[in-house]
Each structure stands twice: as structure tokens, then as C-alpha cells.
Colleague: 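Let me give you the structure first, and then I'll get to my questions.
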There are 2 protein chains.
Amino acid sequence: VKISPVSSAQNATLKRIRALHQRSARDKEGLFLLEGAKLLNEALAKGVSVLDVVVSKSFWTEGMPFVDQSNIAEMHVVEDKIFKELMTTNTPSGIIAVARTQQHTLSDSIKNGETLVVVGEAIQDPGNAGTLIRASAAFGASAVVLTRGSVDAYNPKVVRAAMGALFHLPVIVGLDTGTVLSQLKQSGFRVLALDPGARDRPLATASFKRPLAVVLGNEGNGLSAEAMKAADDLVAIKMSDTTESLNVAVCGSIVLYECARQFGSLGC
Amino acid sequence: VKISPVSSAQNATLKRIRALHQRSARDKEGLFLLEGAKLLNEALAKGVSVLDVVVSKSFWTEGMPFVDQSNIAEMHVVEDKIFKELMTTNTPSGIIAVARTQQHTLSDSIKNGETLVVVGEAIQDPGNAGTLIRASAAFGASAVVLTRGSVDAYNPKVVRAAMGALFHLPVIVGLDTGTVLSQLKQSGFRVLALDPGARDRPLATASFKRPLAVVLGNEGNGLSAEAMKAADDLVAIKMSDTTESLNVAVCGSIVLYECARQFGSLGC
């Protein structure tokens with residue numbers, strides 16, 4: 001691996017990294033940031049295309065034993081003070097990389113007989129989106145759709161909360177609920193939507209027969225009218241009587257758990 | 001309700017609010033912040049002691065139809081620009097309040113025959129802590145313990161993620177795992193701990209007989225040695241074979257869901 005010291009904060013790579021803190025630059029360039037050795041290693045292991053790697057001086061002198069350097073051609077080494085400005089989080093870490101985003105289509109994601117798709121409607125919070133992607137991977141879902149109006153799937157907080165799961169399964173963005181669900185139904189999917197109002201239909205009594213699309217409503221507004229209309233089954237997670245509700249990523253994870261439990265395997 | 005315009009950012013109430021962004025001030029004063037009308041209303045409804053209320057000028061002129069003003073003695077009205085500095089988040093909201101923290105003890109929380117306690121070990125991320133508290137309330141748990149080393153339960157991000165659940169059930173902080181679990185065992189609790197290594201013991205096969213303590217390990221390090229030792233049962237949530245794992249709040253929520261499902265009621 002070639003080591004290139006960088007002393008100016010105005011270096012083009014560093015400028016690019018700082019620009020990628022913003023969604024507009026990520027969308028325009030088709031690039032995103034990998035912060036920390038763990039995420040970088042996971043991305044490299046999954047064949048994500050990594051363009052630039054920058055390390056802080058103190059991280060570099062520690063020898064970086066936790067970074068798989070076999071697929072990294074060049075590294076830029078910068079002063080810790082400059083490095084700090086590159087990160088989107090205060091969590092201590094000495095390495096950041098620029099990687100190419102992956103564009104997935106819904107048709108590609110289901111064409112190989114994939115049969116469990118999680119659909120999050122206009123998910124706003126990056127922690128929720130990332131946690132949902134992580135749980136979807138853990139329970140063997142085939143794909144996650146974040147409908148139009150959702151947070152950017154490559155938002156640094158989504159990437160962090162997904163803990164590498166973003167590289168394990170396709171995440172499809174930019175479509176509206178109606179389009180997604182009609183395409184899935186045409187491909188033979190049943191649509192199961194979580195609706196806190198469906199109190200007479202507890203989750204555990206639902207059928208998880210696949211192919212199955214699991215729909216989760218927006219954090220504030222719940223299910224859209226389109227999702228309500230398209231749903232073959234509306235189910236609820238039983239909760240205590242007060243005004244309690246559950247976080248959307250928690251809801252999705254519980255549905256996926258129930259699905260896995262009923263099938264006794266992780267075909268889900 | 002008495003309306004007091006405040007024009008100086010150096011006003012004592014405003015200074016106090018800004019100080020309460022920091023844990024040290026919250027711990028010292030026994031006070032915390034309620035941001036937004038929804039949380040403030042929930043806190044008032046649950047009898048939380050609210051000391052100061054500050055609204056932005058534009059929020060005030062909108063008449064504040066969503067704020068229950070019956071239990072508010074006085075409101076400070078400030079310019080929007082000053083108000084913005086009081087908030088810990090960029091989420092638009094025109095009201096913030098100072099409230100008194102509630103100190104709960106473990107003995108008080110279980111003395112009335114309460115029989116399901118969720119124990120989170122050194123939970124680091126405020127979103128995780130808040131989401132776990134929210135799920136615990138939703139599934140009817142009696143109390144949540146965040147062991148020593150956890151994020152401050154009154155961290156603004158915890159308060160937000162808990163969505164009012166912080167006022168619905170006692171959250172006990174500052175104790176170490178060993179102390180908590182030995183006290184619970186002495187009171188007749190069984191200890192069920194989630195351990196990703198317990199692959200031969202799937203969650204659904206566990207007994208949820210109460211009184212029950214559910215233990216969740218720290219995000220990075222998992223269960224402590226003390227928890228491993230104290231556990232009557234170590235169980236795992238079955239996941240796909242790769243290196244996947246689940247978020248700690250998701251894990252806790254799935255255990256609580258399973259508990260509720262098996263009992264068919266929300267005695268959990």
C-alpha cells in the first residue's frame with residue numbers, strides 16, 4: 001500500500017470527503033463515506049468499491065492491525081486535527097474512506113426468487129433506517145425498500161446504525177409506496193402491513209407465507225393510504241393499554257422475528 | 001398563565017436551560033429538559049414537576065393549541081433566534097421546559113409485586129436506551145435498570161427516543177450489574193440473559209415465568225461476566241449465519257414481545 005502524506009486541508013480528497021457529509025454531494029457523485037476500520041473492512045469484504053482512504057497520523061503510527069490493507073492501493077495520512085474535520089461523528093476512529101454507492105432496482109432484487117421484502121414508508125430517522133436494515137439482514141430478508149421521502153440510505157448515521165448490513169442486502173430507494181406494492185403484488189407477493197389500529201388481528205395469528213412484503217409506516221404518520229389499500233393483511237403488535245407505541249425499527253424487527261419463529265428457520 | 005417576555009439571552013432561566021444540555025448540570029441540579037409540546041404534555045399528565053417553560057415568539061403567536069396550559073404557572077417568551085440556542089436538536093419545536101428528574105430505587109420499584117424488570121448493561125447509545133425504555137413500557141415491564149456506565153437516562157436524546165415512556169415506568173440508574181442481579185435474585189427473580197453464543201437455546205424455548213429479570217449486554221462487549229454468572233438461563237435470538245447481530249434495543253424488544261406472546265396478555 002502506497003502512503004501519501006497530505007499536509008493541506010485543501011487537498012482535493014479531503015475536500016471531497018467533507019462535501020460527502022451532505023446528501024446533495026452523495027447523490028450527485030454516487031459516493032459515500034465509510035468511517036472506522038470495522039465498516040471499511042466489511043465493505044471491502046463485500047466487494048464495495050473503495051476509492052480513497054484517509055488515516056490520521058496517530059492511527060497510522062499504531063500500525064493499523066485491524067485494517068485489511070490487501071485491497072487498498074493508496075492511503076492518505078493527515079494530521080489528527082485535520083482528520084477530525086473529516087469525520088461526521090465524534091466517536092474516536094482514525095480511518096475514513098470514500099466508497100461507491102450501490103444502486104439496486106426492485107426488479108433485480110426479486111428476480112431470483114427472493115421472497116421476503118421489507119418496505120419502510122418515508123422513514124425519517126437515520127438510526128431507525130439503519131437499525132431496520134440491520135435487522136432485515138439478521139433475519140434473512142431479501143431486500144429493504146425505503147420509499148420516497150425516506151432518509152438517504154447512505155447518510156452516515158444510517159451507515160453506522162446498519163453496522164455493515166447495507167453491504168449484505170439490497171436497499172432500494174426513491175420509489176413511492178404505490179409503485180413498490182403494485183410491482184410486488186404483480187410478482188405474486190402478499191402484502192402484510194403493520195397497523196396499530198388492527199387490534200383484533202395480533203401479529204402471531206398472521207400468515208407469513210411467502211413471497212411476502214412487510215410494510216412499516218412512517219414514524220409520525222403511520223401507514224399511508226396506499227399501503228392500507230394494498231395490504232392483504234393488517235396486523236398489530238399487542239401493547240399495553242396506554243398510549244404506548246413502538247419504534248418503527250423495533251416493530252419491523254419483531255415482525256421479522258415472528259416470521260422466523262413460525263418457520264423455524266431463517267428462510268424467515 | 002402568566003406571560004413573561006425575555007429579551008436577554010443572559011436571563012437566568014435561559015442560562016440554566018443551556019447548562020442542562022450537559023450531564024454534569026443535570027446530575028448536579030436534578031433537572032432535565034423537555035423539548036416540544038408532546039413530551040411536555042406527557043410529562044404534565046404523569047405529574048412530572050415542571051419548573052420553567054420557555055416558548056419562542058412565533059410558537060406563542062400561533063396560540064399553542066397543542067399545549068396543555070392548565071398546569072403551567074408562567075411562560076417565558078423569547079425571540080426565535082434565542083430560542084433556537086436552547087434546543088438540543090434541530091427538529092422544529094417552539095417550546096422547552098425544565099423539569100425535575102425522578103430518582104427511583106430498585107427496592108421501591110419491585111416492592112409492589114412488580115415482576116418483570118429489564119436490565120441494560122452499560123448501554124452507551126442514547127437512542128438505544130430510549131428505545132429500550134419505550135419498548136419496556138409498551139410491553140408492560142415494571143421497571144428498567146440501566147447499569148453503571150450507561151448513558152444518562154435524562155440525556156435529551158434518551159428522553160426523545162423514549163417518547164414519554166420515561167414518565168410511565170421507573171428507570172433506575174447508577175448500580176452495577178452484580179448488585180442489581182443479586183438484589184433481584186434475593187427477591188425471587190429468575191434471571192434470563194440474552195447471549196448470542198447460546199445458539200442451542202432459542203428464545204422461544206425459554207421459560208418466561210415471573211418474577212423475571214431480562215438482561216441485555218452492552219452494545220460492544222455483550223454480557224458482563226457478572227451477568228453470565230448470575231443468569232439462570234442464557235438464550236439467543238436465532239439469526240442468519242453470517243456475522244449479523246441485532247441492535248440491543250431491538251433484542252430487548254423481541255424478548256419482551258416473546259414474553260407477551262407466550263403469556264397471551266400483557267402481564268407479559
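Proteins come first, then strands; the chains are lettered A, B, ... in the order of their sequence lines, and each starts at number 1.
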Colleague: Does atom CD (B/Q69) have a neighbourhood of more than 12 heavy atoms from anything else shown, all under 6.0 Å?
Modeller: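 Count over threshold, so yes.
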Colleague: Is it the case that the side chain of A/S253 and the backbone of B/C251 share a donor-acceptor pair, with hydrogens and angles ignored and the cut-off at 3.5 Å?
Modeller: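 No.
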Colleague: With rounding to the nearest 0.5 Å, note down the distance linking OG1 in B/T131 to CG in A/N128.
Modeller: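 Rounded to the nearest 0.5 Å, the OG1-CG separation comes to 7.0 Å.
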Colleague: Kindly compute the distance separating CD1 (A/I254) from CZ (B/R261), expressed to the nearest 0.5 Å.
Modeller: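 A/I254 atom CD1 to B/R261 atom CZ measures 12.0 Å (nearest 0.5 Å).
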Colleague: Specify the closest pair of heavy atoms between A/A137 and B/S240, including all atoms of both residues, with the distance to one decimal.
Modeller: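 The pair with the smallest heavy-atom distance is O-OG, 3.2 Å.
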Colleague: First locate atom OH of B/Y257, then atom CG of A/L246, and finally report the distance between them rounded to the nearest 0.5 Å.
Modeller: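 Taking OH in B/Y257 and CG in A/L246, the distance rounds to 11.5 Å.
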